[in-house]
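So the structure is just underneath, and the comments pick up after that.
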Amino acid sequence: MSDTTLPKDPEDAAATAAEAAVPDAATALVAEAAAAQLADREPILQVRNLVKHFPLTQGIIVKRQIGAVKAVDGVSFDLYAGETLGIVGESGCGKSTVAKLLMNLEQVTAGEVFYKGQDITKLSGRALKAVRRNIQMVFQDPYTSLNPRMTVGDIIGEPFDIHPEVAPKGDRRKRVEELLDVVGLNPEYINRYPHQFSGGQRQRIGIARGLALNPEIIICDEPVSALDVSVQAQVINLMEKLQDEFNLSYIFIAHDLSIVRHISDRVGVMYLGKIAEIGSDAEIYEHPTHPYTQALLSAVPVPDPEAREHRERIILSGDVPSPANPPSGCRFRTRCWKAEDRCALEEPLLAIPTRFANVDTPAKHESACHFAEEKDVVGAA
Amino acid sequence: MATSVELSTEEGGTYSGPLLDVRNLHVEFRTREGVARAVNGVEYSVDAGETLAVLGESGSGKSVTAQAIMGILDSPPGFVTQGKIIFQGRDLLTLGGEERRKVRGARMAMIFQDALSSLNPVLNVGEQLGEMFTVHRGMSRKEARARAVELMERVRIPAAKERIRSYPHQFSGGMRQRVMIAMAMALEPELIIADEPTTALDVTVQAQVMDLLAELQREYNMGLILITHDLGVVADVADKIAVMYAGRIVETSPVHDIYRAPAHPYTKGLLDSIPRLDQKGQELYAIKGLPPNLLHIPSGCAFHPRCPRARDVCRTDDPPLYRVSQHRASACHFWKETLGDDSVPSDDT
Ligand SMILES: Nc1ncnc2c1ncn2[C@@H]1O[C@H](COP(=O)(O)OP(=O)(O)OP(=O)(O)O)[C@@H](O)[C@H]1O
Ligand SMILES: Nc1ncnc2c1ncn2[C@@H]1O[C@H](COP(=O)(O)OP(=O)(O)OP(=O)(O)O)[C@@H](O)[C@H]1O
Ligand code: SF4
Ligand code: SF4
Ligand SMILES: [Mg+2]
Ligand SMILES: [Mg+2]
């Protein structure tokens, strides 16, 4: 983690565009929030045109850059206090990279992340440290994300080393025991090591650690993907309970669309570094307008053999293209059954499709497709 | 355990039973910490052209059972201590090493979850596929190569002729899984065991791969054992289901019936704990407690510490596999009540 101000790449067109898009943060954002449906609530996090390119280099001694993996390529969304924003998409579409950018674990190539109106990508030193306290992360893998040589007490208490103001030395043990209790683990386990716990229990340890500093936002990157169904339900219920108790905001990243629907208030669907469609859970799951969302939903196996007869499955051909060389125009066009010439020439922007702009319909939500239209794929109305 | 009901008894003079019939199979691992009883009397069968889904949480013995059937159990420390594995009328456990290898190579094949680590990284895929034909069918290298290209086309790998010189790591996850399927299909086996074949893949690719597998199965009328913990995949492709818990089958059933009315509290708990794509519920039902420790399997019914229905008899008496109907069985003393119960279980976790 570096505490220096993040440099911008002056040659990056996207960066310039992003800066232009948010001329005066405070006023522009207030106006936007007012326009939003959730007008009474102010976003706690505003992400604008986030870009992350990883350079591809060649040569061992003299490294030449021969291209870039466009892992995240212009992502914008808002997060409100107390809500859960789900992010779904196939492997490699950039979900984890977004998470790392929000946590400042990677430097942005371009774009802004406003936490309560302050661009945290430009913060450094003490100011950054103060913000970091409020944004925590829970990782996917309960088996490798915990240091095997540290006791559970040390793991959960480690954030206090960086932020001693939250729990003075004398209070730590008590605080850690409280945290264990909050996540449903026996406080007497404080001196045990990670290998003495099951997967679900380890995920609870990760959550306790995430809660240690009383954050406002927790970014969860596939927090239950490695767990069995029965244990998964325990962890999800715990996360929902904690959210209510502490008014937490979650960004919940997962590839399991059913779990994301269960926990999320709003959902963003990512494809190759961009958001294809974003809206409330009902808008996305019951009224998707982007062909990729429709394909993704139709491909989810539904645990009900009777439903299989009533569902239309859209089987996409081919694999996801390389993010180093994404297709021109619409990135989904190489797999899209609706693609036309225009899709190769003109990039569809993430916006409310004009045809729905003046009608009152759940289809009226942001979708990055020239030909956005509804299609019921889940079979529920 | 000895009381388990025989589920398939329709044998005539010549063999007319199921393609594969596993009976009262026991496997244990003798480790330094003690004896882990991984498989404790598994019973299931699969017919030609039929898909049996084996379901259960991590560590319930799904893979170990499959390894015992294939004869690839890690031994020591793993040992089959009891039971029969009847394949086309012959008990595989009585065959000698050479005969067993022949069955394994040509008549049954396995597809693993992780294609990258089960393919040979230093041979290109053409060589690996071709080897199946040179070793088992005595073909020339040229013939074998032509067959390999055909197979790759069959599993819809684009530009098969060119891609045949590629190495496994040069393929995407979905393509590698298709190469694995091609390998398994090469000798047109009668039985395929697919151990979590799509768990590592994305939903859209998962759908492609499952579709392919189902299509090939129909075409060749193979028996398919599909091991998974994804109840959604099961509903999509299986004919019948066997649910495992702590190394035992706790319920077997045709796929429609089990979703409509499970006959075992564990199955019911599993079904209730999955979030649904087409419904947004309130709190998820969660089975309380943790999966059992195989070194110390609970007495009586192994599920009793987690079961909302458990009574005294459950702590002392191991339930046999009761016959529920002609095609269904449940290892629960109170299967009748469970079947009739449609109320939402009370949540005390
Ligand atoms: N440090 C890095 N250097 C180069 N490329 C990277 C780096 N980190 C990620 N990438 C690439 O960026 C893209 C997005 O990766 P990311 O991990 O964000 O995907 P994801 O959506 O989280 O996928 P998954 O579902 O598999 O976790 C991928 O193509 C990945 O290979
Ligand atoms: N080689 C081995 N040595 C010792 N124990 C083993 C070995 N292989 C498996 N086991 C044990 O046998 C039990 C059953 O394992 P198995 O792999 O069959 O589970 P599974 O149902 O396939 O689970 P998963 O869904 O995680 O794949 C586990 O407790 C496992 O630890
Ligand atoms: S813009 Fe064209 S290619 Fe892209 S999703 Fe819409 S129809 Fe398909
Ligand atoms: S036998 Fe008893 S403990 Fe076991 S599943 Fe049935 S009711 Fe539950
Ligand atoms: Mg990721
Ligand atoms: Mg397994």
Side-chain angles (χ1 to χ4, degrees), chain A residues 88-93 184 197-201 226-238 240-241 255-264 281-282 285-286 292 295-308 311 313-320 335 378-381, chain B residues 55-60 156 158 171-175 198 200-208 210-211 228-238 254-260 266 269-291 306 347 349:
Chain A
V88 294
E90 288 172 282
S91 184
C93 71
F197 292 91
S198 71
Q201 289 176 322
L227 304 177
D228 272 319
V229 217
S230 66
V231 182
Q232 186 177 293
Q234 294 173 352
V235 174
I236 292 281
N237 286 343
L238 170 69
E240 295 196 300
K241 191 184 118 217
H255 59 256
D256 184 326
L257 287 117
S258 310
I259 292 182
V260 168
R261 169 150 212 199
H262 179 83
I263 198 167
S264 304
D281 82 87
Y285 284 82
E286 281 158 32
Y292 177 61
L296 207 57
L297 287 171
S298 87
V300 176
V302 169
D304 178 355
E306 260 128 62
R308 77 172 129 168
R311 292 174 76 216
R313 301 195 70 177
I314 306 162
I315 304 260
L316 292 178
S317 56
D319 291 318
V320 185
R335 302 171 82 200
V378 176
Chain B
L55 206 84
E57 55 199 350
S58 187
S60 58
R156 292 192 221 108
F171 285 94
S172 70
M175 298 255 258
T198 59
L201 305 176
D202 279 317
V203 260
T204 59
V205 182
Q206 222 175 59
Q208 290 171 3
M210 273 325 302
D211 249 40
T228 177
H229 54 247
D230 187 332
L231 288 133
V233 171
V234 172
D236 272 356
V237 300
V255 70
H256 281 266
D257 302 344
I258 208 166
Y259 284 88
R260 211 175 293 130
Y266 175 64
L270 274 187
L271 288 171
D272 288 340
S273 54
I274 28 172
R276 294 274 307 245
L277 188 64
D278 50 0
Q279 288 159 14
K280 192 173 167 80
Q282 293 302 303
E283 196 181 3
L284 285 175
Y285 174 71
I287 300 177
K288 65 180 182 186
L290 297 171
R306 306 175 74 189
D347 193 342
T349 47

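Heavy atoms only: backbone and side chains are in, while hydrogens, waters and symmetry mates are out.
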With sequence neighbours excluded, residues passing salt bridge (Lys or Arg N to Asp or Glu O under 4.0 Å) with A:Glu240: none
Who are the salt bridge (Lys or Arg N to Asp or Glu O under 4.0 Å) partners of B:Asp257, not counting sequence neighbours? B:Arg260
Non-hydrogen atoms of chain B under 4.5 Å away: do they reach the side chain of A:Ile315, the backbone, both or neither?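 Contact with chain B involves the side chain of A:Ile315 alone.
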Could you look at A:Ile236 and say if it's the side chain, the backbone, both or neither that has a heavy atom under 4.5 Å from chain B? side chain
Quick one: [atom1] on [X] to [atom2] on [Y], what's the gap to the nearest 0.5 Å?
X: B:Asp230; Y: A:Asp256; atom1: CG; atom2: CG; value: 7.5 Å
X: A:Asn237; Y: B:Ser273; atom1: CG; atom2: OG; value: 9.5 Å
X: A:Gln234; Y: B:Lys288; atom1: CD; atom2: NZ; value: 11.0 Å

Looking at every non-hydrogen atom in both residues, tell me the closest pair between B:Glu283 and A:His262 and how far apart they are. C-CE1, 4.4 Å
With chain B, which of A:Ala233, A:Ala299, A:Ser258 has the greatest number of heavy-atom pairs at distances under 4.5 Å?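 Of the options given, most contacts go to A:Ser258.
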Heavy-atom side-chain contact between B:Asp236 and A:Arg313 under 4.5 Å: yes
